[in-house]
Amino acid sequence: MSPSRWIAALVLLAATPVLLHHAPLFSAAAAAIVLAAVAVADARRARGRPPEEAAPPF
């Protein structure tokens, strides 16, 4: 698992107490921003490399 995913999980966990006191739309937007940051970080990490092999489901 890439470091950006661990960081995103920690950011979401740390932000949970704050996000619980805001409107659901604000909380969803914050989560979407964090997930978008993970997608961008993963895309930058994978740029110029061949596609990874699919992992078996089990």
Side-chain angles (χ1 to χ4, degrees):
M1 200 154 104
S2 66
S4 62
R5 294 180 186 188
W6 285 109
I7 293 168
L10 292 174
V11 167
L12 288 174
L13 283 173
T16 298
V18 174
L19 295 176
L20 287 175
H21 300 292
H22 285 80
L25 183 61
F26 179 80
S27 299
I33 290 169
V34 171
L35 292 175
V38 170
V40 168
D42 283 350
R44 289 184 65 193
R45 185 176 55 87
R47 177 182 278 174
R49 296 183 182 172
E52 294 179 5
E53 292 291 324
F58 297 105

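This one's a predicted model, so the numbers in the text were calculated from it and none came from an experiment. Residue numbers count from 1 along this sequence.
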J.: Treat each ILVMFWY residue as a node, draw an edge where side-chain heavy atoms are under 4.5 Å apart, and state whether Val11 and Val18 are in one component.
T.: no
J.: Taking all non-hydrogen atoms of both residues, which atom of Thr16 and which atom of Leu12 are closest, and how far apart?
T.: OG1-O, 2.7 Å
J.: In a table with atom names and distances, give each donor-acceptor pair under 3.5 Å that connects a side chain of residues 40-47 to protein atoms at least two apart or in another chain.
T.:
residue	atom	partner	partner atom	Å
Asp42	OD1	Ser2	OG	3.2
Asp42	OD1	Ser4	OG	3.2
Asp42	OD2	Arg5	NE	3.1
Asp42	OD2	Arg5	NH2	2.9

